[in-house]
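For reference, the structure is listed below as structure tokens.
Note that the structure is predicted; figures quoted are calculated from it, not measured. In this chain, numbering begins with 1 at the start of the sequence shown.
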Amino acid sequence: LGAGGVLVSSGCTGSLFGVTIDKNVALKGNGGGINCVGAKSMHVRDSYIRHNEAREGYGGGISSTGTLLLKVETTGKGGCCAAGHSCSAEQSPCIPTLIKNNSAPFSSGGGIYASATNVVVTGLPQQAMSDSDQIAAATNPNSASKRPKRLAINQHVAIVANEAQVGAGIFLTGSTDASIWRTYVNKNVAKYDGGGIAAEKCTLGVETSIISGNTATSRGGGVYLGRLTTAAMNDTNVISNWVEGNGGGVFVGLRSSFKLKKSYVSKNKGQGDGAGLYVVDTSIAVDDTVFYKNGLETGQGAGMCGSGAASIICRHCTFEGNAVMKGGRGGAVALSGTSGMLLLSNRITRNRADIGGGIFLKDASMLVAATESKEYNRYWKSQCTKETGALGGAALEVNTLRACDQPTIFQSNLAGLNLNEYQKGSGEDGSASSSGEGGAAVDPEASMYGRGGAIFASQDASVALLDVKMIENYAVTSGGGVY
């Protein structure tokens, strides 16, 4: 009925160290590999949980309900590789706990399901950056293209290639409090919401992790945050996730709150809105984060989309190279309904959409773009300073604007065709452009196509630009800077 492999029930304590739980099935209950019901604790360390199935229940790999503590970790003490076990690519260079190829085909939590449980998932610390990488990061703090690549987590917890209807990698609910550190969530597939992680009515913290290559057909290819969820994500890569609906990287839903800091949201894709991040009817705060080359086939807000009554604050963020392929609006950001956004010392560069290459606003949405002062929550005229310091043991002179004193900059954004097409009038090789055969199919006078290189605002939208720079933005039709 449940616990295809291991059952830990009321009042018990379980410890699985260096154990393989493989090809177990819970025919009609929860926990294909492990099922914890009202236990004091379950500790899984340096182990393989793989190919398990909860055929009609929750938690293909692990299910935990009403457990005081579920801890899943990699310590490097198990020595599985040295003992002759074969290590997969996800485990390189050695022995992380691996939760892989588990499934809950008709419910939630392909890898892990947790309800009313304190959850800790943690790997070993990441390798330190080299001196040269640290200097590169310091001298180019707002350049996505020059941002040093994050090194792979040395010894992590890997949650890979699990399947479920919701929360294919991890599903959290029922007042669960979860901390996910140094974890690799990759190639999980959800039939509906939350390819990598799905959470509702709980508290979630994610830090120094990688969420990549996950898929969902409805909402949140990488992460889905449902109602009444409080979530924070720090120093995390959300990369190359895909969704058929909204929120390729992250979806933040009604009555949730989300804080995103010092993270990298890149190359996520979707067929709806908000390839990088989608937020509806709630508030989020984003600091020191890069949105790089996220893409939509159509729709709005390739980097970020705010819908309904969303409230968004972005400080010291970069939106670079985000694009909507055809018929789209807002290459970097799109706002609709009564959504509002405050941009403080951001950089919006080389984004592209048919309307509003940088930012698109409609309905009664509002945008305020300004320069942040040295003290958070206040802004006024920018100040340039020079700093000298040491980093990574090497002397470093920085002759640049401090992050808190940089004006918000809109640069090289494009409304309409790509830049080669803009300059030549058609595709670079004479082929059809995104707007029609040879670029001739669009009647610019009959639509809003190609308007607002940096910003497009329509209907009752409101825009306030305070100490903002507009540099070489392009519009095929009109309003290279603002329309």
Side-chain angles (χ1 to χ4, degrees), residues 144 273 275-276 291-306 318-336 341 343 346-363 365-369 407-428 430-483:
D273 299 332
F291 294 82
Y292 183 56
K293 287 190 176 181
N294 299 284
L296 294 171
E297 290 187 16
T298 184
Q300 57 185 9
M304 180 188 298
C305 180
T318 295
F319 293 83
E320 182 174 342
N322 303 284
V324 187
M325 295 307 296
K326 54 185 177 182
R329 302 168 297 282
V333 176
L335 303 172
S336 62
M341 185 175 198
L343 291 173
N346 287 252
R347 187 177 185 89
I348 297 93
T349 180
R350 291 192 289 274
N351 302 284
R352 184 260 171 213
D354 280 1
I355 306 171
I359 297 179
F360 172 86
L361 299 93
K362 71 173 184 179
D363 304 323
S365 57
M366 179 178 69
L367 171 69
V368 177
T408 291
I409 298 173
F410 294 83
Q411 184 171 8
S412 301
N413 300 287
L414 173 65
L417 317 173
N418 69 50
L419 192 54
N420 284 326
E421 292 173 315
Y422 171 82
Q423 293 170 341
K424 296 183 178 182
S426 66
E428 189 171 6
S431 61
S433 72
S434 63
S435 57
E437 295 298 324
V442 171
D443 178 2
E445 299 300 320
S447 71
M448 292 292 104
Y449 173 82
R451 306 190 185 203
I455 300 173
F456 178 98
S458 69
Q459 297 172 297
D460 296 320
S462 171
V463 177
L465 305 177
L466 311 175
D467 193 26
V468 167
K469 289 187 178 181
M470 297 276 182
I471 304 171
E472 294 184 344
N473 298 284
Y474 305 89
V476 170
T477 306
S478 54
V482 180
Y483 181 92

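Of the possible polar contacts, none joining the Thr408 side chain to the Ala369 backbone as a donor-acceptor pair under 3.5 Å is found.
Separating the CE atom in Met470 from the CG atom in Asn413 is a distance of 9.0 Å, to the nearest 0.5 Å. From Thr349, atom OG1 reaches atom OH of Tyr292 across 10.5 Å, with rounding to the nearest 0.5 Å. Remark: Arg451 CZ to Ser478 OG distance equals 4.5 Å, nearest 0.5 Å. Within the model, atoms OG of Ser412 and CZ of Arg352 stand 15.0 Å from one another, a figure rounded to the nearest 0.5 Å. Expressed to the nearest 0.5 Å, how far NZ of Lys469 lies from CD1 of Ile348 amounts to 13.5 Å. Atom CD1 in Ile355 sits 6.0 Å away from atom CZ in Phe360 (nearest 0.5 Å).
Looking at every heavy atom in both residues, Asn322 comes nearest to Ala302 through CB-CB, 4.0 Å. Heavy-atom minimum distance, Cys305 versus Asp273: SG-CB, 3.9 Å. The nearest pair of heavy atoms linking Lys362 to Ser365 is O-OG, 2.7 Å. The shortest heavy-atom contact between Ala415 and Gly357 is CB-N, 3.9 Å. Across all non-hydrogen atoms, the minimal contact from Gly453 to Ala475 is N-CB, 3.8 Å. Nearest heavy-atom pair, Asn351 versus Glu320, reported as atom, atom and distance to 0.1 Å: OD1-C, 3.7 Å.
Taking 4.5 Å as the limit, some side-chain heavy atom of Ile359 sits within range of a side-chain heavy atom of Phe410. Gln300 has its side chain out of reach of Val324: every pair of non-hydrogen atoms, C-beta onward, lies at least 4.5 Å apart. The shortest side-chain heavy-atom distance between Val368 and Leu343 does not fall under the 4.5 Å cut-off.
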Checklist entry - What do the steps show when you test Ile471 against Ile409 for side-chain contact (heavy atoms from CB on, under 4.5 Å), and what is the final call? => result CA-CA 8 Å; Ile471 304 171; Ile409 298 173; 4.1 Å; yes
Checklist entry - How far apart are the C-alpha atoms of Asn346 and Phe319, what are their side-chain angles, what is the distance that settles it, and do they pass the side-chain contact (heavy atoms from CB on, under 4.5 Å) test? => result CA-CA 8 Å; Asn346 287 252; Phe319 293 83; 4.0 Å; yes
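Inspection of the Arg347 and Gln411 side chains reveals an N or O donor paired with an N or O acceptor under 3.5 Å.
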Give the table of side-chain donor-acceptor pairs shorter than 3.5 Å for residues 454-465, with sequence neighbours excluded, one pair per line with atom names and distance.
from	atom 1	to	atom 2	distance (Å)
Ser458	OG	Leu361	O	3.4
Gln459	OE1	Asp363	N	3.0

